[in-house]
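Here's the structure, in structure tokens; my notes come after.
Residue numbers begin at 1 in each chain, while the letters A, B, ... track the order of the sequences. The model shown is predicted, which means the values in this text are computed figures rather than measured ones.
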Amino acid sequence: MPEIRNYTLNFGPQHPAAHGVLRLVLEMDGEVVERADPHIGLLHRGTEKLAESKPYNQTIGYMDRLDYVSMMCNEHGYVMAIEKLLEVEVPKRAQYIRTMFDEITRILNHLMWLGAHGLDIGAMSIFLYCFREREDLMDCYEAVSGARLHATYYRPGGVARDLPDRMPQYEASRFTSKAAASKLNDKRQGNMLDFLEDFVQRFPKCVDEYETLLTDNRIWKQRTVGIGVVTPERALQLGFTGPMLRGSNIEWDLRKKQPYEVYDELDFDIPVGVNGDSYDRYLVRIEEMRQSNRIIKQCIDWLRVNEGPTITEDHKIAPPRRAEMKGDMESLIHHFKLFTEGFCLPEGEAYAAVEHPKGEFGCFLVSDGANKPYRLKVRAPGFPHLASLDEMARGHMLSDVVALIGTQDIVFGEIDR
Amino acid sequence: MPTRVEQMRDALQAAFPENDTIRVSLDMAVIDVAPDQLVSVCQQLHDDPALSFKQMSDLCGVDFATYGSTEWSTDTGNMASFSRAVNASSTGSLTFNTGLDLPASDQPRFVVIYHLLSLDHNVRCRVRCAAPDDEMPVVPSITPVWNNADWYEREAFDLFGILFDGHADLRRILTDYGFTGHPFRKDFPLIGTVEMRYDSVKERVVYEPVSIEPRVLVPRVIREDSRYASGESVSKTESDAAKKNDA
């Protein structure tokens, strides 16, 4: 009989299940984890320090790069903190657009999570299904901002521009024949809302499809049921938010409890888990996708019939329209000042939080009255989640660590900042 | 009908009658706590059913060394307009190896700010705790009250050099292994102090002093804006003004 010894295992930073650049030092007893010590910071870019050296509006782009799979929700937290200090009114239409894109982003994030989580545990095909639907949503990003990922679409006081009348079209190329391109363009003939409505009609069926692959799958259940159980008390102590908290049977969702934008006018439910294990968190996120779909539908209906401005008319904060600028001296000055100097925030401190797909995404701004933040602190939801990995992984097998990283929905852009 | 925040301010005042710093700032009740009382106050914030702050959302350090200073502080144009930005006196335009002269201030430099969330009362609260010594800022650790403070305190230590007394494992967390300095301090240059490359002769990664030139693209300005004149100012300037009045 060979002697079984305790040893230390280095997991990552280059490992497909490390979801980026996680270095995990695991103390193992045979195949059982005795202690997990995550080493983070390999993706630290000093976003908060960079923000201190830039005018407020130039940092929105950095927010996309925090949690790079739920871009617009990050922007949302940041612009909300600015708006709180400025006390600026956001037009109703912009609020609906933001709500709609927050939910599109939530589905985008959960699809990414589901695909990657499935892949970690060994379900191959779910990844391909998820990315099929993600494509359509990223087309919406592209239509509205020109970028598929890093949109920089939310601005203090509203959104960058109104929804487009036309979707971007596929072109025939070496890889796409003319017939295939025109087939892809079939759904893209109307405006963005038409395209999105078509998606919303299709999507519940797609979620059913994912569920047939996983929900009653024996292997999926063996890998997730009873893995990483967190009691409600511990979940609060560990600073869990979002699906991680709701999976542990605590009904807490900022969209319901502290409504921002137009969430108080919309009809949706908050799913809650019972056992606090990975399987319940999976069910919570699946149901959240369905609820997000409901919200998007309601937003589409509202946006179809209600026209209006999409950004504040206060040109100290938002640039004037191009046409105005050509003929009006004051608009020209506003434009020049806004893009050379930015705008100053009143002195004060503000904390704004949104229900990000991963949990509570908060931005804490300290302003001394200048055109740049004095201090910006991003409260990333993944940070306390990953910090709890040690507690969650203790006593589990090595292969369960991979399942735990998956269930925590870790993205290093936001954790390392 | 008082709002939830005002109710929370009153509840805080009732719980800590000695503390005269309790106020409402924007949409949040704020309380300043001295380091020696921090743990007991936090324990009460957590346990007292009238407060019941069961969750700590966020903990961050702030370095108030250059609060209110600008690179472009004049009300009238003059001949030096451009060079004022180029030869400015802030972190953004620091050149390598020259320390930044921080403005002298009698206010504590490092402040640790906690954001708490009470799920029962659906309200947030901000706790501010200033470290008394600028050279060696020490604040007690609150990990026994809220366990997730662990990593947050490591982060504040890493980025600001704030020490948390009683923390079990106060290691660096975000910066590189073997990093020196605390990068989020206001006297730490934005571009850092070292850069890294692979040296093919030595066949290993080498660290060298930074070679890029830092510069300010948009100078930092503070504009007098009458729209915000009545707005509440929370931090140092307010207490500075109060001090002047006293004198």
Original post:
Just how far is it from atom CD of Gln237(A) to atom OG1 of Thr143(B), taken to the nearest 0.5 Å?
Top reply: 10.5 Å
Original post:
Do other residues, nucleotides or ligands put more than 12 heavy atoms under 6.0 Å from the CZ atom of Phe339(A)?
Top reply: yes
Subject >> Beyond-backbone contact of Glu349(A) with Arg126(B), side-chain heavy atoms, under 4.5 angstrom >> reply: yes
Original post:
Which pair of heavy atoms, one from Asp58(B) and one from Lys377(A), lies closest together, and at what distance?
Top reply: OD1-NZ, 2.8 Å
Subject >> Minimum side-chain heavy-atom gap Leu159(B)-His44(A) below 4.5 Å >> reply: yes
**OP:** Working to the nearest 0.5 Å, report the span between CD1 of Ile250(A) and CD of Gln55(B).
**Re:** 8.0 Å
**OP:** Measure Gln58(A) against the heavy atoms of chain B and call it side chain, backbone, both or neither at under 4.5 Å.
**Re:** side chain
Original post:
Is it true that Arg124(B) and Glu360(A) make a salt bridge, defined as a side-chain N closer than 4.0 Å to a carboxylate O?
Top reply: yes
Original post:
Taking Glu391(A), Lys54(A), Lys84(A) one by one, which has the highest count of heavy-atom pairs under 4.5 Å against chain B?
Top reply: Lys84(A)
Original post:
Considering only heavy atoms, which portion of Pro381(A) lies under 4.5 Å from any heavy atom of chain B: side chain, backbone, both, or neither?
Top reply: neither
Subject >> Proximal component of Glu48(A), with respect to chain B [non-hydrogen, under 4.5 Å] >> reply: both
Subject >> Glu89(A), CD atom: more than 12 neighbouring heavy atoms under 6.0 Å >> reply: no
Original post:
Given that the side chain runs from C-beta out, which part of Arg23(A) has a heavy atom under 4.5 Å from chain B: side chain, backbone, both or neither?
Top reply: side chain
Original post:
How are the rings of Phe64(B) and Tyr374(A) set to each other: parallel, tilted or perpendicular (split at 30° and 60°)?
Top reply: parallel
Subject >> Interface moiety of Asp169(B) toward chain A, non-hydrogen atoms closer than 4.5 Å >> reply: neither
**OP:** Decide yes or no for Trp151(B) and Pro384(A): does some side-chain heavy atom of the first lie under 4.5 Å from some side-chain heavy atom of the second?
**Re:** no
Subject >> chain B contact via Asp37(A) - which portion, at a heavy-atom distance below 4.5 Å >> reply: side chain
**OP:** Return yes when atom CD of Glu330(A) has more than 12 non-hydrogen atoms of other residues, nucleotides or ligands closer than 6.0 Å, and no otherwise.
**Re:** no
Subject >> Heavy-atom pair with the smallest gap, counting every atom of Met28(B) and Tyr351(A) >> reply: CE-CB, 3.5 Å
Subject >> Least distance between heavy atoms, Cys344(A) atom then Val221(B) atom >> reply: SG-O, 3.8 Å
Original post:
Is the side chain of Asp368(A) donor-acceptor paired with the backbone N or O of Tyr67(B) at a distance under 3.5 Å, no angle test?
Top reply: no
**OP:** Of all the heavy-atom pairs spanning Lys257(A) and Arg4(B), show the shortest one and how long it is.
**Re:** O-NH2, 4.4 Å
Original post:
Tell me, side chain or backbone of Leu254(A) under 4.5 Å from chain B's heavy atoms, or both, or neither?
Top reply: side chain
**OP:** For Arg220(B) and Glu341(A), run salt bridge (Lys or Arg N to Asp or Glu O under 4.0 Å): C-alpha distance rounded to whole Å, both residues' side-chain angles, the deciding distance at 0.1 Å, then the answer.
**Re:** CA-CA 8 Å; Arg220(B) 182 182 176 85; Glu341(A) 186 182 291; over 6 Å; no
Original post:
If you measure from CD1 on Ile173(B) to CD1 on Ile40(A), what distance do you get to the nearest 0.5 Å?
Top reply: 4.0 Å
**OP:** Please determine, among Asp27(B), Leu119(B), Val123(B), the option with the most heavy-atom pairs under 4.5 Å with chain A.
**Re:** Leu119(B)
Subject >> Under 4.5 Å from any heavy atom of chain B - which part of Leu43(A) >> reply: neither
Original post:
For Leu117(B), is it the side chain, the backbone, both or neither that has a heavy atom under 4.5 Å from a heavy atom of chain A?
Top reply: side chain
Subject >> Contact class of Ser367(A) relative to chain B, heavy atoms under 4.5 angstrom >> reply: backbone
Subject >> Rounded distance [0.5 Å steps], CD in Glu87(A) versus CG in Leu26(B) >> reply: 6.5 Å
Subject >> Check: Tyr152(B) side chain, Phe383(A) main-chain N or O, donor-acceptor pair, under 3.5 Å >> reply: no
**OP:** Could you pull out the closest heavy-atom pair between Phe364(A) and Cys60(B), with the gap in Å?
**Re:** CD2-SG, 3.6 Å
Original post:
Tell me, do Thr340(A) and Val218(B) make a side-chain contact under 4.5 Å, heavy atoms counted?
Top reply: no
Original post:
Atom CD1 in Ile415(A), atom CD in Glu155(B): separation rounded to 0.5 Å?
Top reply: 11.5 Å
**OP:** For Asn122(B) and Gln258(A), test the side chains for any donor-to-acceptor distance below 3.5 angstrom and give the result as yes or no.
**Re:** yes
**OP:** Among the options Asp158(B), Asn147(B), Ile113(B), pick out the one with the most heavy-atom pairs lying under 4.5 Å from chain A.
**Re:** Asn147(B)
Original post:
Under 3.5 Å, side chain of Arg375(A) to main-chain N/O of Gly61(B), donor-acceptor pair present?
Top reply: yes
